[in-house]
Protein chains: 2
Amino acid sequence: MSAAEETPGGEDVPWGEVTPEAARRLLVAAVEAFAERGYHATTTRDIAGRAGMSPAALYIHYKTKEELLHRISRIGHDRALEILRAAADGGGTAAERLADAVRSFVRWHAERHTTARVVQYELDALGPEHRAEIVELRRESDATVRRIIDEGVAAGEFDVPDVAGTTVAVLSLCIDVSRWFNTQGRRTPDEVGALYADLVLRMVGAQK
Amino acid sequence: MSAAEETPGGEDVPWGEVTPEAARRLLVAAVEAFAERGYHATTTRDIAGRAGMSPAALYIHYKTKEELLHRISRIGHDRALEILRAAADGGGTAAERLADAVRSFVRWHAERHTTARVVQYELDALGPEHRAEIVELRRESDATVRRIIDEGVAAGEFDVPDVAGTTVAVLSLCIDVSRWFNTQGRRTPDEVGALYADLVLRMVGAQK
DNA sequence: AACGAGGGTGAGCAAGCGCTTAGGGTCGCC
DNA sequence: GGCGACCCTAAGCGCTTGCTCACCCTCGTT
């Protein structure tokens with residue numbers, strides 16, 4: 001059920017669900033290129049070159065450059081939503097679930113910040129139907145976080161005057177990690193996740 | 001000293017400092033186009049067309065398309081920094097100054113979200129020297145916010161375990177407003193500014 | 001009336017784009 | 001060992017891109 005396959009060792013293999021191997025190599029190359037230069041500034045020749053293939057090889061596995069972006073975006077959004085739902089459906093108080101959601105969501109946006117950058121910031125490059133499909137997934141992410149906050153308010157754990165606005169702010173804060181996070185930087189994904197979980201608990205007025 | 005000229009009536013005229021008028025029309029057209037489609041997806045023909053001119057007219061006023069982006073980015077960053085500094089240098093407690101900074105900074109990112117989107121998200125499209133110049137302005141924005149938080153901690157107003165990390169988070173939160181804010185949406189720039197000022201005060205543990 | 005300067009245009013160049021097509025090498029399978 | 005299925009490539013088509021260039025129109029000045 002997971003969006004990422006696992007090795008016998010047990011760790012995640014990103015893009016493990018993309019087969020055959022040549023198609024996966026192209027997709028990984030596209031993620032890197034899109035993250036570095038943006039979708040429109042990336043050429044199909046560049047993608048194919050990074051995957052060690054000729055420009056024409058791309059079109060054996062994908063109909064268009066936009067289909068590549070869509071596949072990346074779809075898989076990434078599925079994974080992000082899965083992470084949020086796992087936290088929301090976990091046990092514990094609303095504060096614990098919210099902290100858990102933010103921690104794992106932020107960690108993903110930091111660790112996979114190349115993927116996340118494409119997923120979160122290249123939405124407008126998708127065609128209309130593909131964009132609509134992705135927008136729907138985002139709505140579900142929003143609803144998942146909002147539900148946790150709602151429950152925290154109902155339980156008296158949180159003090160939140162504006163649930164809808166706070167939900168947008170929380171998600172926006174987490175997503176933007178993929179823009180500024182740098183692997184060379186001082187903080188690890190775990191540290192950023194912990195910091196952000198703390199900040200978000202403060203935003204919702206959870207008592208420590 | 002203001003980055004925006006004023007009419008006799010007193011209200012801001014954005015891009016008022018750009019002359020002559022034809023150059024300003026082109027720049028405004030470029031801001032709209034870049035915000036809608038992104039820098040790389042925008043053609044010089046599109047920019048000139050929006051300004052009611054032929055493609056060649058653009059090159060009378062700007063050497064390259066990149067110079068247009070740089071002018072936009074430079075003016076926008078100057079304005080953003082000016083807003084932050086005005087709040088930081090204003091009177092009152094650290095909490096009042098921080099709330100003021102967030103409120104006006106967010107309001108600008110919401111009101112001028114087309115400009116802000118270009119300014120904040122098209123940094124990578126700049127050439128190396130131009131990018132370096134803009135990165136330096138961002139460092140100054142960061143330092144300005146950090147100073148307010150530092151002072152609040154020193155005065156015992158705030159409780160912030162990680163000042164550097166919290167500064168990044170606060171700026172990131174504000175900047176990302178330009179990505180999701182929609183003029184058609186339910187909230188006014190003022191409302192978002194007020195909400196975010198409240199959220200940020202909670203993040204730094206300011207007592208109400 | 002002549003003129004020079006500066007802001008504008010129509011046409012188009014060289015390069016690069018997304019994508020297609022004809023064909024070739026390498027398999028497993030009978 | 002013959003053969004079709006599957007990947008992949010070299011070459012290139014039609015189009016768009018950023019940008020240029022030769023020319024022109026509209027001024028204020030003399």
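Residue numbering restarts at 1 for every chain, and letters A, B, ... go by the order of the sequence lines.
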Judged by nearest nucleotide, the residue sitting upstream toward the 5' end of DNA chain C, A:Thr43 or A:Lys63, is A:Thr43
Testing D:dC19, D:dT9, C:dC17 for proximity to the side chain of B:Tyr59, the answer is D:dC19
Atom NZ of A:Lys65 and atom C1' of D:dT16 are separated, to the nearest Å, by 13 Å
note: B:Ile47, atom CD1; D:dC19, atom C1'; distance rounded to Å ~ 13 Å
Rounded to whole Å, NE2 of A:His61 lies from C1' of D:dC8 at a distance of 8 Å
Taken to the nearest whole Å, CZ/A:Arg25 to C1'/D:dC8 is 11 Å
Heavy-atom side-chain contact between B:Arg179 and B:Tyr121 under 4.5 Å: yes
When rounded to whole Å, the CG to P distance for the pair B:Leu68 and D:dG18 reads 11 Å
To the nearest angstrom, the CZ-P distance between B:Arg37 and D:dT16 comes to 14 Å
With the side chain defined as heavy atoms from C-beta on, A:Ile60 is closest, among D:dT20, D:dC19, D:dC8, to D:dC8
Inset, instruction - Can you check whether any acceptor in the base of C:dG16 is under 3.5 Å from a donor in the side chain of A:Arg45, or vice versa? - result: no
Here the side-chain hydrogen bond (donor to acceptor under 3.5 Å, both in side chains) pairs for residues 52-62 of chain A, sequence neighbours left out, are none
Would you tell me if any nitrogen or oxygen in the side chain of A:His40 comes within less than 4.0 Å of OP1 or OP2 on C:dC17? no
Item to complete: Find out whether B:Arg131 and B:Leu123 are in side-chain contact, i.e. whether some heavy atom of one side chain is under 4.5 Å from a heavy atom of the other.
Response: yes
Looking only at D:dC19, D:dT9, D:dT20, the nucleotide nearest the B:Ala56 side chain is D:dT20
Worksheet item: So does B:Arg103 pair up with B:Asp100, basic N to acidic O under 4.0 Å?
Response: yes
Review point. Where does the angle between the aromatic ring planes of B:His70 and B:His130 fall among parallel (under 30°), tilted (30 to 60°) and perpendicular (over 60°)?
Key: parallel
From CD of A:Glu21 across to P of D:dC7 the rounded distance in Å is 12 Å
In whole angstroms, the gap separating P of D:dC7 from OH of A:Tyr62 amounts to 13 Å
Worksheet item: Hey, is the side chain of B:Thr44 poking within less than 4.0 Å of OP1 or OP2 on D:dC19, counting only N and O atoms?
Response: no
